[in-house]
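These notes concern the structure reproduced below.
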There are 2 protein chains.
Amino acid sequence: MRAKSSGNKQGPGPAADRTFIEAARRAQIVDAAIEVIAEVGYAKASFTRIARQAGLSSTGMISYHFAGKDDLMREVVAEVMRVADAYMRPRIEAHATAPERLRAHIESNFALMNEHPKHLPAIVEVLTGTRGESSSAREFTAATDTMMNSLVEAVRRGQEAGEFGEFDPVTMVYALRGAIDALVARATHDPDFDAAAHGRQLADLFDRATRRTP
Amino acid sequence: MRAKSSGNKQGPGPAADRTFIEAARRAQIVDAAIEVIAEVGYAKASFTRIARQAGLSSTGMISYHFAGKDDLMREVVAEVMRVADAYMRPRIEAHATAPERLRAHIESNFALMNEHPKHLPAIVEVLTGTRGESSSAREFTAATDTMMNSLVEAVRRGQEAGEFGEFDPVTMVYALRGAIDALVARATHDPDFDAAAHGRQLADLFDRATRRTP
DNA sequence: CTGCTTTTTGCTCGCATGAGCAAAAGGTAG
DNA sequence: CTACCTTTTGCTCATGCGAGCAAAAAGCAG
């Protein structure tokens with residue numbers, strides 16, 4: 001293993017010392033990985049399949065550009081998170097009240113499914129498939145937790161401002177997360193799944209569930 | 001391969017011609033499998049781990065009593081389903097109105113988690129880990145679907161009887177399924193998870209979400 | 001030479017198989 | 001009933017085979 005490759009290892013570092021071509025390769029492989037994971041699931045997403053999807057001759061390429069499967073998965077999660085955040089955040093922050101933001105969160109999540117149909121299935125697969133094993137998994141499990149926590153906090157603030165009714169924010173957020181994931185899973189193997197419609201339905205559902213009782 | 005063993009193959013058959021010892025062994029192995037799957041996830045639930053959990057000296061034992069991993073997983077799912085049905089059905093059917101039954105469905109599901117903490121995590125793992133591959137998976141994916149469909153039908157009837165408000169039953173049922181699964185997942189790695197409390201919270205949440213708007 | 005790519009090789013792990021062994025069940029003859 | 005033999009049943013162990021990951025070796029371009 002060459003010295004530079006060890007520079008690729010461990011995501012937390014800067015890792016900015018990358019060639020253009022190397023960055024392009026990594027992006028190409030990550031995209032292929034997302035595709036494969038979404039299609040066949042995390043368990044069956046082998047280097048061989050990913051290489052084939054990326055149009056590479058063999059798995060050596062992946063081993064060269066990534067420190068290992070962990071490194072690749074970390075990149076996959078980071079990429080999906082990055083895209084999702086870029087897409088959803090402005091759409092959420094465009095609204096002022098907590099209920100509107102909650103709705104925007106849900107609907108933009110489903111709208112994102114139209115833009116990048118493979119992203120959400122892939123990340124769900126990786127997160128459920130790794131189970132907190134493998135250094136990287138612990139890392140982005142923590143990332144997911146903070147994301148959930150911030151959502152919980154947002155809901156709690158909405159409650160304190162009297163914009164929501166009375167309920168346990170933690171249960172609510174987990175339920176929401178699970179509901180979205182379940183519909184994402186359904187969308188993967190149902191070709192004519194109307195994401196926008198289901199997004200609206202789910203937003204309505206959680207709107208009713210969180211409304212202040214008059 | 002002995003003649004009897006081929007009788008073990010393929011679940012759909014009667015397969016009632018089993019010795020006491022054989023039935024006991026299968027049950028023992030299935031229990032161990034449930035335990036292991038719930039603890040380390042489907043992907044890492046190898047014969048080796050299951051054998052160790054069951055106190056067996058080697059994996060050959062498992063291969064002897066089951067036609068393959070498929071056969072074992074089928075049995076795992078069947079066992080969990082059987083227990084869950086026996087537990088939940090009477091608690092649901094004890095109520096008359098659709099909203100009460102929906103609540104009973106949710107709360108009895110969480111109550112079941114106290115009785116058999118490993119069962120629900122295990123089945124979720126198997127169902128998400130197999131992804132419709134492997135003859136058996138398709139089989140109990142179908143079983144799950146019919147279960148979901150019957151729930152959808154129950155909700156639809158409740159709507160027609162004016163006991164629920166207006167919403168898409170399919171979205172609602174998937175959301176509910178996902179919400180339960182998400183909380184099951186959380187319960188697995190959170191030692192002091194109050195299943196009853198979360199069950200009540202979730203039941204409240206879906207009660208508000210499905211109520212007829214006055 | 002250096003950076004990048006492809007080919008080749010090594011190693012691990014999980015599942016399945018089949019031979020072989022021990023014990024129980026069953027059958028038969030004295 | 002008992003002693004012996006045969007068949008069935010339950011289990012262990014060694015081995016094969018395939019898949020997947022990783023890294024080294026070899027080829028190639030700038």
Side-chain angles (χ1 to χ4, degrees), chain A residues 1-9 17-29 32-33 36-37 40-74 76 129-130 133-136, chain B residues 1-10 15 17-29 32-33 36-37 40-76 129-130 133-137:
Chain A
M1 176 69 64
R2 279 155 40 245
K4 185 181 68 58
S5 277
S6 64
N8 289 343
K9 287 185 198 241
D17 54 343
R18 292 222 182 86
T19 317
F20 284 107
I21 188 152
E22 173 137 26
R25 277 285 180 221
R26 282 177 72 98
Q28 176 197 15
I29 293 169
V36 170
I37 293 167
V40 304
Y42 175 81
K44 291 194 171 289
S46 65
F47 277 15
T48 307
R49 276 180 193 263
I50 294 171
R52 184 146 31 90
Q53 169 72 30
L56 305 175
S57 58
S58 84
T59 72
M61 187 82 230
I62 302 175
S63 287
Y64 177 80
H65 286 286
F66 292 88
K69 204 170 189 181
D70 265 29
D71 194 23
L72 174 55
M73 288 307 142
R74 190 197 335 266
V76 165
T130 52
E133 303 286 327
S134 77
S135 62
S136 73
Chain B
M1 174 73 67
R2 279 157 42 243
K4 187 182 65 60
S5 278
S6 63
N8 290 343
K9 286 184 196 246
Q10 309 320 344
D17 54 343
R18 292 225 180 87
T19 316
F20 283 109
I21 290 183
E22 174 135 26
R25 277 287 181 219
R26 284 176 71 100
Q28 176 196 15
I29 294 170
V36 171
I37 293 168
V40 305
Y42 175 81
K44 291 195 171 288
S46 65
F47 277 16
T48 306
R49 278 180 191 263
I50 295 171
R52 185 146 33 90
Q53 169 72 30
L56 305 175
S57 58
S58 84
T59 72
M61 186 84 230
I62 301 175
S63 288
Y64 176 79
H65 285 287
F66 293 87
K69 204 169 189 181
D70 266 29
D71 193 22
L72 175 55
M73 289 307 140
R74 190 196 336 267
E75 208 78 350
V76 165
T130 51
E133 303 287 327
S134 78
S135 62
S136 73

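We use all heavy atoms of the structure for the numbers below, so side chains are in, but hydrogens, waters and symmetry mates are not. Proteins get letters first, then strands, A, B, ... in listed order; numbering begins at 1 in each.
Partner of B/R26 under the side-chain contact (heavy atoms from CB on, under 4.5 Å) criterion, chosen from B/I62, B/L72, B/D71: B/D71. For the side-chain contact (heavy atoms from CB on, under 4.5 Å) criterion with A/Q53, the lone passing option out of A/V40, A/V36, A/I29 is A/V36.
B/H65 and B/E22 get closest at one heavy-atom pair: ND1-OE2, 3.5 Å. Closest of all the heavy-atom pairs between B/A51 and B/S58 is CB-O, 3.7 Å.
Between B/I50 and B/K69 the shortest side-chain heavy-atom distance does not fall below 4.5 Å. Contact of the B/R25 side chain with the B/T19 side chain is not registered, since no non-hydrogen atoms from C-beta on lie closer than 4.5 Å. For the pair A/F47 and A/M61, the minimum side-chain heavy-atom distance is 4.5 Å or more.
When rounded to the nearest whole Å, the span between OH of B/Y64 and P of C/dA19 equals 15 Å. For A/D70 and D/dG20, the CG to C1' distance is 15 Å, given to the nearest whole Å. The distance between atom CD of B/E22 and atom P of D/dC11, rounded to the nearest whole Å, is 9 Å. When the C1' atom of C/dC15 is taken as reference, atom CE of B/M73 falls 12 Å away, rounded to whole Å. To the nearest angstrom, P of D/dT9 lies 15 Å from CZ of B/R26. The distance between atom CZ of B/F66 and atom P of C/dC15, rounded to the nearest whole Å, is 14 Å. Protein atom CD1 of A/I62 is 14 Å distant from nucleotide atom P of D/dA23, rounded to whole Å. For the pair B/F20 CZ and D/dG10 C1', the interatomic distance rounds to 16 Å; values are reported in whole Å.
For A/K69, counting side-chain heavy atoms from C-beta on, the closest listed nucleotide (D/dA22, D/dT9, C/dT6) is D/dA22. Residue A/S63 places its side chain closer to D/dA23 than to any other of D/dC11, C/dA16, D/dA23. Distance from the side chain of A/T59 is smallest to D/dA22 among D/dA22, C/dT7, D/dG10.
Residue A/H65 places none of its side-chain N or O atoms closer than 4.0 Å to OP1 or OP2 of C/dC4.
Note on the helix from C/dC1-D/dG30 to C/dG30-D/dC1: angle between the axes of the first and last five pairs equals 20°, rounded to 10 degrees.
Mapped onto DNA chain D by nearest heavy atom, A/G60 and A/K44 fall at different nucleotides, with A/K44 at the one closer to the 5' end.
Within a heavy-atom distance below 4.0 Å of DNA chain C, the residues of residues 45-57 of chain A found are A/S57.
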